[in-house]
Engineer: 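Just passing along the structure, written as structure tokens.
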Amino acid sequence: MDRRLLILSGLASVAAGSAVAQDQPSPPPPPPGQNPAPTYSDDELTTRVSDFLGVTAESAGAAVERTFKDNGRPTGYVAGEEGSAAFVFGLHYGKGLLYMKDRQPMTVYWQGPSVGFDAGGNASRVFVLCYNLQYPDAVFRRFPGVEGSAYFIGGMGVNYQRADSITLAPMRAGLGLRLGANVGYLAYSRHRNIIPL
């Protein structure tokens with residue numbers, strides 16, 4: 001019975017997060033006459049992922065290839081660090097720089113709650129591929145997602161977060177002791193927020 005209650009509360013939490021995310025206004029389209037944001041190639045990103053996360057080029061290439069197959073070419077990426085912990089309910093906090101071609105890097109913070117069959121803690125370097133992000137300010141919203149993690153000393157994982165037409169694909173390589181799966185959202189902001197809601 002307790003497991004059913006936990007699952008239902010988790011689904012209600014995701015539904016509430018999705019509803020709040022949907023209540024936020026959609027980002028306006030690029031101004032008339034402005035071309036879509038330039039994209040990155042898989043070669044550019046494989047090298048950057050490998051160097052930033054400290055993983056082999058083969059591992060980075062496999063992760064990048066998978067996200068390219070699912071989503072195409074990204075228009076930007078965030079390189080940063082994150083800490084998270086959970087025992088059924090969890091919290092994520094992170095900070096990084098958003099890079100887009102022909103734009104200056106921008107500092108981005110993220111935070112969010114999660115719920116699920118999840119226990120432990122981890123510290124990760126995070127490389128987030130951003131798809132259909134036409135201008136930097138469009139990232140400042142909530143992105144619901146489902147995540148599974150298995151960090152026993154070290155690990156790498158990829159999941160997807162979607163809001164409107166924007167897809168984020170965080171790749172994490174980290175240290176810690178954590179195992180489980182959870183649902184929740186990450187809210188991206190210009191400033192650090194202590195309360196992750």
Side-chain angles (χ1 to χ4, degrees), residues 14 17-18 21 26-27 36-84 90 92-101 103 105-112 114 116 118 122-151 154-174 178 180-189:
V14 168
S18 296
S26 297
T39 60
Y40 289 92
S41 70
D42 59 346
D43 291 336
E44 288 176 294
L45 290 176
T46 297
T47 302
R48 292 177 187 176
V49 169
S50 176
D51 291 345
F52 184 76
L53 295 180
V55 297
T56 65
E58 184 178 340
S59 296
V64 169
E65 182 179 335
R66 176 183 158 203
T67 61
F68 269 63
K69 181 181 175 189
D70 292 346
N71 300 293
R73 294 172 60 124
T75 54
Y77 66 90
V78 177
E81 297 178 343
E82 175 182 89
S84 62
H92 289 264
Y93 291 97
K95 175 185 177 184
L97 288 174
L98 170 62
Y99 296 92
M100 294 181 74
K101 288 186 173 181
R103 307 254 186 183
M106 175 186 286
T107 302
V108 175
Y109 295 91
W110 61 91
Q111 56 280 324
S114 64
D118 195 11
N122 61 288
S124 306
R125 296 197 89 182
V126 182
F127 198 94
V128 182
L129 299 180
C130 305
Y131 293 92
N132 202 28
L133 184 66
Q134 298 302 317
Y135 54 94
D137 290 341
V139 79
F140 299 121
R141 62 178 60 213
R142 289 183 179 161
F143 287 86
V146 176
E147 180 181 351
S149 29
Y151 287 97
M156 183 172 172
V158 179
N159 69 310
Y160 295 118
Q161 303 165 339
R162 289 187 173 88
D164 293 326
S165 62
I166 300 170
T167 300
L168 303 182
M171 292 183 260
R172 294 178 173 93
R178 187 166 180 178
N182 61 55
V183 293
Y185 66 83
L186 288 179
Y188 291 79
S189 60

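Keep in mind that this is a model prediction, so the values were computed, not measured.
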Engineer: Can you tell me how far CG of L129 sits from OG1 of T75, rounded to the nearest 0.5 angstrom?
Structural biologist: 10.0 Å

Engineer: Please name all residues satisfying ring-ring contact (aromatic ring centres under 6.0 Å, His included) with Y40, sequence neighbours left out, ordered by chain then number.
Structural biologist: Y77

Engineer: Mark yes or no for whether Q111, through its side chain, and A187, through its backbone, hold a donor-acceptor pair below 3.5 Å.
Structural biologist: yes

Engineer: List in chain and number order the residues that pass salt bridge (charged side-chain N to carboxylate O under 4.0 Å, His left out) with D51, two or more places apart in sequence or in another chain; answer none if no residue qualifies.
Structural biologist: none

Engineer: Verify side-chain contact (heavy atoms from CB on, under 4.5 Å) between M106 and D137, making sure each step is shown before the conclusion.
Structural biologist: CA-CA 9 Å; M106 175 186 286; D137 290 341; 3.9 Å; yes

Engineer: F143 and V139: which non-hydrogen atoms are nearest, and at how many Å?
Structural biologist: CE1-O, 3.4 Å

Engineer: Are any non-hydrogen side-chain atoms of V64 and M171 less than 4.5 angstrom apart?
Structural biologist: yes

Engineer: How far does OG of S189 sit from CZ of R142, to the nearest 0.5 angstrom?
Structural biologist: 11.0 Å

Engineer: Got a sec, which residues hit side-chain contact (heavy atoms from CB on, under 4.5 Å) with T167, two or more places apart in sequence or on another chain?
Structural biologist: N71, Y131, Y160, R162

Engineer: Find out whether Y188 and V78 are in side-chain contact, i.e. whether some heavy atom of one side chain is under 4.5 Å from a heavy atom of the other.
Structural biologist: no

Engineer: What verdict does the side-chain contact (heavy atoms from CB on, under 4.5 Å) test give for D164 and R141, after you've listed the backbone C-alpha separation in whole Å, the side-chain angles of each residue and the deciding distance to 0.1 Å?
Structural biologist: CA-CA 10 Å; D164 293 326; R141 62 178 60 213; 2.5 Å; yes

Engineer: Side chains of T39 and R73: is there a donor and an acceptor less than 3.5 Å apart?
Structural biologist: yes

Engineer: Would you call W110 and Q161 a side-chain contact if the rule is heavy atoms closer than 4.5 Å?
Structural biologist: no

Engineer: For F52, does the six-membered ring have the charged nitrogen or CZ of R125 within the cation-pi criterion, i.e. under 6.0 angstrom from the centroid and within 45° of the normal?
Structural biologist: yes

Engineer: R66: what forms a side chain to side chain donor-acceptor pair (under 3.5 Å) with it, not counting sequence neighbours?
Structural biologist: none

Engineer: So, the side chain of S50 versus the backbone of V55: is there a donor-acceptor pair under 3.5 Å, distance only?
Structural biologist: yes

Engineer: If you apply the rule side-chain contact (heavy atoms from CB on, under 4.5 Å), what do you find for E65 with T46, and how did you get there?
Structural biologist: CA-CA 9 Å; E65 182 179 335; T46 297; over 6 Å; no

Engineer: For the backbone of A37 and the side chain of Q134, can you confirm whether one donor and one acceptor N or O come within less than 3.5 Å of each other?
Structural biologist: yes

Engineer: Nearest heavy-atom pair of M100 and L133: which atoms, and what distance?
Structural biologist: CE-O, 3.0 Å

Engineer: Suppose we screen for side chain to side chain donor-acceptor pair (under 3.5 Å). Which residues come up paired with T107, at least two apart in sequence or across chains?
Structural biologist: none

Engineer: State which residues pass salt bridge (charged side-chain N to carboxylate O under 4.0 Å, His left out) with K101; sequence neighbours excluded, sorted by chain then number.
Structural biologist: E44

Engineer: Can S84 and N122 be counted as having a side-chain donor-acceptor contact under 3.5 angstrom?
Structural biologist: yes

Engineer: If every non-hydrogen atom of L186 is compared with every non-hydrogen atom of G112, which pair is closest and at what distance?
Structural biologist: CD2-N, 3.9 Å

